[in-house]
Amino acid sequence: MADKPTVALGIDIGGSGIKGAPVDLVTGEFLEDRCKISTPSKSTPEAVAAVVGEIAKQFLHTLPADAPIGVTIPGIVRHGVVKSAANIDKSWMNCNGEELFSKVLGRHVHLVNDADAAGVAELRYGAAKGKDGLVILTTLGTGIGIALLYDGVLIPNAELGHLQLNGFDAETRAAASVKDREGLTYEQWATERLQPYYSFLEFLFSPDLFVVGGGVSRKAEKFLPLLHLETPIIPATLKNAAGIIGAAALAAD
Ligand code: BGC
């Protein structure tokens, strides 16, 4: 069997920026400063692929020719094909992103869900390092992303941000973007929106640990202590590097 690669390129496609960096897979650290380019205002597959190509060009010449490349997308990914587009341009629906990016880069690209990537990164190198049992990572951002990890194994594409809660799609009530849009205080957001959501997840899955990522996790002390759960709930530690690191790690698996 070939040795597992120790270096891979990760690229994370977000709503405002597309970010990439080469990752040391032993430590989970960036080997170079990351490169960030704004997400095109019309974020069609072609426009996004051009930016992904631009970022890859900055780093690929410094990496081994066979270094894996992983890219995230905020939607369901089945065998390289994007199968949902809640918070991205609708033209992504049914687009074979893996094929498109591989063509633009001239190298094989592995496409993964953004929250799955963040979850794997936190489990291998961050807040949930070495945790067994069921770990549920939630990313609170524009939407709610989920990674389900059982004994270190990822169960991909768990779209629990879209659970129906009191007749609403959960992410339209509890995402961080909703807090900002509706001008909720941390207390209102935690008690009225996050509490029912995490209680429901806890009831359905009896997890061993919740990890909370997304930009707002930097302010975790303002809302996590307000939640009443049996399950320990802790902030993610890799911040906005998690997507890049997880994409690289999953590409190398
Ligand atoms: C999407 C998920 C994604 C999450 C975070 C949701 O709206 O359905 O696939 O992981 O947003 O970006």
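Both ligands and their constituent atoms are indexed starting at 1 by order of listing.
- Surrounding CG of D33 are at most 12 heavy atoms belonging to other residues, nucleotides or ligands under 6.0 Å away.
- In this structure, H108 and H110 have tilted ring planes: the angle between them lies in the 30° to 60° band.
- An N or O contact shorter than 3.5 Å is missing between S84 and ligand 1 by distance.
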Would you mind writing out the side-chain donor-acceptor pairs for residues 235-242 within the sub-3.5 Å range, not counting sequence neighbours?
residue: T237; atom: OG1; partner: E122; partner atom: OE1; Å: 3.4
residue: T237; atom: OG1; partner: A127; partner atom: N; Å: 3.0

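- Residue-ligand proximity, I144 to ligand 1, at heavy-atom distances under 4.0 Å covers atoms 4 (C), 6 (C), 11 (O).
- Interface atoms of ligand 1 facing A86, defined by a heavy-atom separation under 4.0 Å, are 7 (O).
- Annotation: atom 6 (C) of ligand 1 to nearest protein heavy atom, E171 OE1, 3.3 Å.
- With 3.5 Å as the limit, one finds a donor-acceptor pair spanning the side chains of E32 and T62.
- Every atom of ligand 1 is numbered from 1 in the order shown, and the set under 4.0 Å from a heavy atom of H162 is 1 (C), 6 (C), 7 (O), 8 (O).
- Heavy-atom contacts of G145 reach the following atoms of ligand 1: 4 (C), 5 (C), 10 (O) (cutoff under 4.0 Å).
- Every atom of ligand 1 is numbered from 1 in the order shown, and the set under 4.0 Å from a heavy atom of N113 is 2 (C), 3 (C), 9 (O), 10 (O).
- The CZ atom of R78 sits 11.0 Å away from atom CG of N94, with the distance rounded to the nearest 0.5 Å.
- At least one heavy atom of G75 sits less than 4.0 Å from an atom of ligand 1.
- One option in I73, D114, L160, D169 has a heavy atom closer to atom 12 (O) of ligand 1 than any other, and that option is D114.
- Across L163, L160, I136, a single residue satisfies side-chain contact (heavy atoms from CB on, under 4.5 Å) together with L204, and that is L163.
- Looking at atom 9 (O) of ligand 1, its nearest protein heavy atom turns out to be E159 OE2, 2.6 Å.
- For T142, the closest heavy-atom approach to ligand 1 does not fall below 4.0 Å.
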Review item, side-chain donor-acceptor pairs of residues 205-228, under 3.5 Å, at least two apart:
residue: D208; atom: OD2; partner: L134; partner atom: N; Å: 2.7
residue: S217; atom: OG; partner: G214; partner atom: O; Å: 2.7

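- No continuous path of ILVMFWY side-chain contacts below 4.5 Å connects I76 to V48, so the two sit in separate hydrophobic clusters.
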